Amino acid sequence: MAIQWFPGHMNKARKDITERLKEIDVVIELLDARLPASSANPMLARMAKGKPRLMILNKQDLADPAITQQWLAWYNAKPHTQALGMDAGERAPAQKLVAACRELAPNRGGLEKPLRVLICGIPNVGKSTLINSMSSRKIAKTGNMPGVTKNEQRIILADDFELFDTPGMLWPKIEVEEGGYNLAASGAVGRNAMDEEEVTLELLKYLLVHYAPELSARYKLDDVEGRQDWQVLEMIGRKRGAVLSGGRINMQKAAEIVLTDFRDGQVGRITLERPDEWLAWEKRAKAI
Ligand code: GDP
């Protein structure tokens, strides 16, 4: 089963964003640093074509730092694009974000016409956390402001800098199977839309290739080399007491343990995709 999931209000979000984009100088896309490509939105990229873009690799505290560097270099090499890593521990997120946007649109802004920036991101990527940490008392009431829909938030980050947050979201159409699993593992997909055991087996398969020492250390497993994903899930289930009557392993329970640990960063700082892997996955998906 591949993951296919669509949160509601997609069309409304698309309309709102298209409308807002007309006046926007820079588009910020918040990505999950553990799965930058899977959490990116190709539809947004098409809609914002030609606009300068700031890609924020958020939750970098959970991601593998060396791979985050690879992704930052990958995005920074694209035209009109800048990328930076961020997480909730960032001391001055607003300053960082404002500086990057000013650099991307040096000829825009000013007190007459502030620099206008739109921030987008898939659910659970940390958008509310980031906005709250930047705004405190600065959220403007938008209810009776012309040109700002009543659901929209406008956050004034500097005298000549406005950040727009359009509610509702664009969910990426999942074309790369691995991307669907990575989104599910990260916690972005609703629980009812996924089979946790299947998602965990895919996760373990990846961890066995790239993060076997971390996996062994977390679950005190001696010998994971050459093991299959399901064997490792059984080993974890046994270690953690996820055992049914008759001694069978409760694979569902074991899967929940692994997913929760992964999401909380308990297995270590892990990234589920690398630029070269992503290109290969994409190529294969297109060939099918
Ligand atoms: P939104 O759906 O994009 O608005 O996401 P939220 O801001 O509600 O965050 C989703 C979850 O991720 C919450 O449990 C946050 O505490 C957590 N979170 C947000 N930012 C970070 C971060 O930088 N690092 C870590 N480890 N967790 C984060």
Side-chain angles (χ1 to χ4, degrees), residues 3 5-10 12-14 16-17 20 27-41 43-44 53-65 67-69 71-72 75 83-97 100 117-136 138-139 142 151-155 157 163-172 179 182-194 199 203 211 214 218 256 258-273:
I3 304 290
W5 187 62
F6 295 97
H9 314 303
M10 276 279 284
K12 167 102 177 48
R14 180 155 59 177
D16 286 350
I17 291 173
R20 173 50 58 211
V27 176
I28 298 180
E29 187 166 13
L30 217 50
L31 305 175
D32 187 325
R34 296 167 298 171
L35 46 145
S38 307
S39 57
N41 202 309
M43 196 195 287
L44 179 67
R53 295 210 302 157
L54 174 62
M55 318 300 279
I56 296 182
L57 273 63
N58 202 32
K59 301 195 184 185
Q60 68 172 353
D61 57 314
L62 297 174
D64 182 334
I67 311 300
T68 300
Q69 288 310 315
W71 281 109
L72 291 175
Y75 283 116
L84 51 92
M86 186 97 85
D87 59 52
E90 180 74 41
R91 289 246 181 90
Q95 266 157 280
K96 213 168 162 181
L97 193 145
V117 174
L118 178 71
I119 187 162
C120 301
I122 63 166
N124 206 44
V125 74
K127 193 166 76 159
S128 323
T129 306
L130 176 62
I131 287 177
N132 289 340
S133 74
M134 292 193 301
S135 45
S136 52
K138 295 181 217 133
I139 297 182
T142 55
N151 290 327
E152 223 172 12
Q153 265 198 121
R154 186 181 63 130
I155 300 131
L157 291 185
L163 181 69
F164 287 85
D165 172 27
T166 300
M169 75 279 302
L170 295 171
W171 182 252
N182 290 350
L183 283 162
S186 77
V189 174
R191 233 187 131 178
N192 297 335
M194 63 190 253
V199 170
L203 172 64
Y211 299 99
E214 288 85 347
R218 172 66 189 165
E256 281 170 20
V258 175
L259 278 183
T260 305
D261 281 354
F262 167 71
R263 289 171 186 166
D264 290 346
Q266 299 292 341
V267 188
R269 295 184 69 175
I270 285 169
T271 302
L272 295 179
E273 54 202 36

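Just so you know, ligand 1 is whichever comes first in the structure, and atom 1 is the first atom listed for that ligand. Note that the structure is predicted; figures quoted are calculated from it, not measured. Because only heavy atoms are used, hydrogens play no part in the values below, and waters and symmetry mates are left out as well, while side chains stay in.
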Visitor: Counting only nitrogen or oxygen atoms and a 3.5 angstrom limit, does Q60 reach ligand 1?
Guide: no

Visitor: For E29, does its backbone N or O pair with a side-chain atom of R53 as donor and acceptor, under 3.5 Å?
Guide: no

Visitor: Just heavy atoms, cut-off under 4.0 Å: does D61 contact ligand 1 by side chain, backbone, both, or neither?
Guide: side chain

Visitor: Hey, which atoms in ligand 1 end up nearer than 4.0 Å to a heavy atom of D87?
Guide: 23 (O)

Visitor: Do other residues, nucleotides or ligands put more than 12 heavy atoms under 6.0 Å from Q95 CD?
Guide: no

Visitor: When you look at L118 and I28, which way does the side chain to side chain contact (heavy atoms under 4.5 Å, CB included) test go after all the steps?
Guide: CA-CA 6 Å; L118 178 71; I28 298 180; over 6 Å; no

Visitor: Is atom 13 (C) of ligand 1 close to the protein, meaning a heavy atom under 4.0 Å from it?
Guide: no

Visitor: Please report whether ligand 1 has a polar contact with G126, defined as an N or O pair separated by less than 3.5 Å (distance criterion only).
Guide: yes

Visitor: Taking 4.0 Å as the limit for heavy-atom contacts, which would you say applies to L62 with ligand 1: side chain only, backbone only, both, or neither?
Guide: side chain

Visitor: Any sub-3.5 Å donor-acceptor pair from N58's side-chain atoms to V125's backbone N or O?
Guide: yes

Visitor: Write out the residue and atom name of the closest protein heavy atom to atom 23 (O) of ligand 1, then the distance separating them to 0.1 Å.
Guide: A88 N, 2.7 Å

Visitor: Which one of A188, G121, S128 has a non-hydrogen atom at the shortest distance from atom 8 (O) of ligand 1?
Guide: S128

Visitor: Starting from atom 11 (C) of ligand 1, which protein heavy atom do you reach first, and at what distance in Å?
Guide: N124 OD1, 3.6 Å

Visitor: So which heavy atom on L97 is nearest to which on L54, and how close?
Guide: O-CD2, 4.2 Å

Visitor: In terms of side-chain geometry, is the basic nitrogen of R191 or E256 positioned less than 4.0 Å from the acidic oxygen of its partner?
Guide: yes

Visitor: Geometry only, no angles: is P123 polar-contacting ligand 1 at N/O separations under 3.5 Å?
Guide: no

